[in-house]
**Student:** 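Quick one: this structure, given as structure tokens, is what I'll be asking you about.
Note on naming: letters A, B, ... go to the chains in the order of the sequence lines (proteins, then strands), and numbering restarts at 1 for each one.
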Amino acid sequence: MSDTTIDLVRQANPIPSEMAPPPIEEVWRRIDQGAVSDLRDRAAGRSLVRRARPGRPPVFRGRRFSIGGLLTTAMSVLVVAIAVGALVLLGGRRGGPPMASTSGEFATRQQVLQTLGVLRAPPSPAARRAIACARTAPTAPSRAFFACQFSAVPSFFMRPPDMHSNPRARRAAREMAAREGYPRLDTSLLRVVAIPQFDATVTIAPTTWQPSPRSRQRAEGLITALNYSRGQSGTGPEPTSLATVTNHGMWVSDAQATPTMTTVRGAELVPDGVDKVTLEPIRIISAPAPVVARQFGSVSADVHDNVAAFRFPVLTARNSHRASALYGVTVIARATWFDHGKIIKRITTQVYLSITVQGQGPGGVATNP
Amino acid sequence: VEDRARFEALYRAHAGAVRTYVCRRSNAAMADDVVADVFVVAWRRLDDVPDSPLPWLLGVARRLLANRRRGEARAAALHARIAANETTPSESSSASESARTVLIALEGLSERDREVLLLIGWEGLQPAEAARALGLRPNTFAARMYRARRRFARALAASSEHTGRTQPSTGAEVIR
């Protein structure tokens with residue numbers, strides 16, 4: 001483009017030629033530290049969308065000021081003030097949790113980024129597919145919907161309450177969401193970590209949880225899912241807090257139990273700085289048969305992309321008072337976190353394993369003893 | 001490894017242009033900091049970086065600068081730039097005087113109008129690329145450009161009067 005205006009502007013350019021780039025090391029340092037606010041990250045995408053449809057300036061027609069108009073405005077302001085006052089008072093009496101400010105939400109999101117290095121890396125091809133599915137949220141029945149069902153997006157994100165075509169299912173889904181809350185996936189941070197030895201992947205989905213779709217209350221957290229050929233199991237729709245991940249790690253395991261399975265696969269999400277994890281089951285909660293937790297053995301695994309993958313045996317025990325079945329059990333395990341061979345933390349964590357009980361009748365699967 | 005190589009190539013190709021863009025709008029001390037932030041965002045969103053990345057990078061830089069300037073006086077950098085021009089009397093040729101008049105006129109514009117003109121005039125972007133950097137459709141950008149030119153002509157005329165200098169191109173000539 002060349003015309004008088006642009007020529008004038010060009011002549012006033014204080015730096016006419018391109019400068020040399022600064023060293024890239026500073027960028028790598030910041031990437032390693034995760035020291036970037038996601039306000040900026042969001043600025044890279046969302047405001048583009050917003051700016052693509054600029055709002056029109058308000059147009060005043062007729063007289064700008066009239067007594068009637070002023071009275072109407074004054075009444076509106078009064079009504080809004082009374083309503084806001086009432087809401088504040090009622091909210092205070094119920095003693096509900098304080099509303100998280102927007103800046104607070106972002107600050108916590110930044111902490112999530114600083115804690116898990118895998119979120120700071122660009123998404124893998126599998127994660128890109130999952131992100132595309134999560135963003136488009138295709139509705140059933142469609143080819144896109146079924147293609148996305150096998151993506152790594154945790155299943156409950158693929159079918160929000162309003163997407164059920166059956167009114168009864170829609171009502172039930174809404175009731176469940178009202179009871180358990182509305183998870184809102186942070187799509188740009190969705191990551192998928194491959195576990196080649198299991199032919200499986202782990203999805204890490206930073207998610208905020210809110211009591212209702214329009215609520216300003218936010219709880220920042222994480223949801224994980226283990227995806228494998230037989231299906232997907234996850235931590236459920238309520239995100240686990242970052243503090244839990246930092247203090248105890250976050251376990252996700254094979255929930256699709258079959259009577260013939262001999263091992264349980266699982267993965268533990270751990271914060272940056274941990275390169276190896278050892279799990280040693282020490283107690284079984286509500287054991288369906290007399291089994292000692294230590295029989296599961298102690299298992300160690302290296303950490304890749306904040307994920308350590310484990311395989312525990314399925315124990316077999318006799319109990320004539322129970323139906324013969326494969327039981328899922330909650331197990332307390334002693335976890336040891338290592339960094340370059342040095343122990344950095346000893347904690348307890350919960351893992352979900354399985355026990356085959358030989359008792360009454362033919363074998364089956366009972367996930368909750 | 002592929003991502004890393006792609007990112008480093010992106011950095012080598014465009015970091016200089018991004019740095020220049022930032023320096024033209026703020027002080028040099030802030031520039032390297034902003035450039036690093038731009039490329040941290042680019043690394044995390046490598047998947048979203050288009051084939052022609054410069055407008056996208058400049059869009060990110062523009063928003064980062066806007067975030068930093070929030071709360072500061074508008075156009076502080078241009079003030080500083082004008083002050084710098086004033087402190088270099090050895091260069092007070094007619095060219096620098098003209099540049100000063102143009103800078104004062106630019107300072108008088110809104111951020112939105114100014115950015116439209118500067119992306120074309122200083123960064124050398126084509127209108128379609130500048131539209132992408134601002135997140136606008138080409139038609140919207142063209143309309144904004146038209147209005148920005150008109151306001152710039154008015155501001156230039158006022159600036160010329162203020163500096164007591166006869167501007168070679170004013171009014172209708174500039175609007176065209």
Side-chain angles (χ1 to χ4, degrees), chain A residues 1-54 113 119-125 127-129 131-132 188-189 191, chain B residues 3 7-8 11-12 14-20 23-24 31-33 35-37 39-48 56 59-60 63-64 66-67 81 84-85 95 98-103 106 117-118 120-122 124 126-127 134-137 140 149 152-153 156 169 173-176:
Chain A
M1 180 179 280
S2 176
D3 59 27
T4 318
T5 308
I6 297 303
D7 285 345
L8 277 174
V9 172
R10 201 171 285 145
Q11 283 160 20
N13 189 347
I15 308 170
S17 54
E18 189 176 308
M19 300 166 79
I24 197 170
E25 283 68 29
E26 174 60 18
V27 180
W28 288 125
R29 192 187 64 77
R30 288 181 190 211
I31 288 169
D32 289 341
Q33 287 182 350
V36 66
S37 162
D38 267 274
L39 276 171
R40 301 163 191 169
D41 194 11
R42 285 173 188 223
R46 288 194 186 171
S47 51
L48 277 177
V49 177
R50 246 186 269 124
R51 283 176 182 278
R53 298 188 187 88
L113 276 166
L119 303 182
R120 301 195 293 270
S124 62
R128 285 171 195 158
R129 282 194 296 277
I131 289 169
S188 65
L189 292 185
R191 295 291 181 272
Chain B
D3 283 336
F7 177 74
E8 287 183 347
Y11 189 87
R12 278 194 301 275
H14 299 294
V18 175
R19 188 188 199 190
T20 315
C23 277
R24 283 168 182 157
D32 288 359
D33 198 30
V35 171
D37 280 351
F39 281 90
V40 170
V41 172
W43 167 253
R44 185 151 356 109
R45 300 180 65 99
L46 203 54
D47 200 31
D48 296 337
W56 188 90
V60 174
R63 281 180 281 276
L64 286 176
N67 282 353
R81 190 78 63 205
N85 271 9
S98 162
R100 186 169 168 259
T101 313
V102 172
L103 286 172
L106 285 171
L117 295 172
L118 296 190
I120 302 284
W122 287 5
Q126 293 300 308
L134 293 173
L136 299 172
R137 279 176 283 195
T140 314
R149 275 185 184 167
F152 176 68
L156 194 60
S169 314
E173 195 185 342
V174 171
I175 293 170
R176 192 184 68 246

**Student:** State, to 0.1 Å, how close A/Pro22 and B/Val35 come at their nearest heavy-atom pair, and which atoms those are.
**Tutor:**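 Minimum heavy-atom separation between A/Pro22 and B/Val35: CG-CG1, 3.8 Å.
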
**Student:** About how many Å separate CG of B/Leu117 and CG of A/Leu8, when rounded to the nearest 0.5 Å?
**Tutor:**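 Between atom CG of A/Leu8 and atom CG of B/Leu117 there are 10.5 Å.
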
**Student:** For the residue pair A/Pro122 and B/Asp3, what are the closest heavy atoms and their distance?
**Tutor:**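 Smallest heavy-atom distance, with atoms named: CG-OD2, 3.8 Å.
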
**Student:** Atom OG1 of B/Thr20 and atom CD of A/Glu18: how far apart are they, to the nearest 0.5 Å?
**Tutor:**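 So the OG1 of B/Thr20 and the CD of A/Glu18 are separated by 5.0 Å.
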
**Student:** Do B/Arg44 and A/Leu189 come close enough that some side-chain heavy atom pair is under 4.5 Å?
**Tutor:**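 Of all side-chain heavy-atom pairs linking A/Leu189 with B/Arg44, at least one is under 4.5 Å.
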
**Student:** How far apart are the closest heavy atoms of A/Ala20 and B/Arg19, and which atoms are they?
**Tutor:**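 That closest heavy-atom pairing would be O-NH1, 2.6 Å.
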
**Student:** Quick one: does any side-chain atom of B/Arg24 pair with a main-chain N or O of A/Pro14 as donor and acceptor, under 3.5 Å?
**Tutor:**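 Not confirmed, B/Arg24 side chain does not pair with A/Pro14 backbone.
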
**Student:** Give me the atom names and distance for the closest heavy-atom approach of B/Val102 to A/Ala12.
**Tutor:**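 Taking every non-hydrogen atom into account, CG1-CB, 3.6 Å.
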
**Student:** Determine the minimum heavy-atom distance between B/Phe152 and A/Val9, stating which atoms define it.
**Tutor:**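 That would be CZ-CG2, 4.0 Å.
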
**Student:** Counting only heavy atoms closer than 4.5 Å, note whether A/Ile131 contacts chain B via side chain, backbone, both or neither.
**Tutor:**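 Neither part.
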
**Student:** Within the structure provided, determine whether B/Trp43 and A/Val27 are in side-chain contact (heavy-atom separation under 4.5 Å).
**Tutor:**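 A side-chain contact under 4.5 Å is absent here.
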
**Student:** Are A/Trp28 and B/Tyr11, when compared by the centres of their aromatic rings, separated by less than 6.0 Å?
**Tutor:**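 Centroid distance A/Trp28-B/Tyr11: not below 6.0 Å, so no.
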
**Student:** State, with a plain yes or no, whether a side-chain heavy atom of A/Ile24 is found less than 4.5 Å away from one of B/Phe7.
**Tutor:**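 A side-chain contact exists here, since the closest heavy-atom pair is under 4.5 Å.
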
**Student:** Measure the spacing between CG of B/Asp47 and OG of A/Ser188 and express it to the nearest 0.5 Å.
**Tutor:**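 So the gap between those two atoms works out to 11.5 Å.
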
**Student:** Quick one: pull up OG1 in B/Thr101 and CD in A/Gln11 and give me the separation to the nearest 0.5 Å.
**Tutor:**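 Interatomic distance, B/Thr101 OG1 to A/Gln11 CD, rounded to 0.5 Å: 11.5 Å.
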
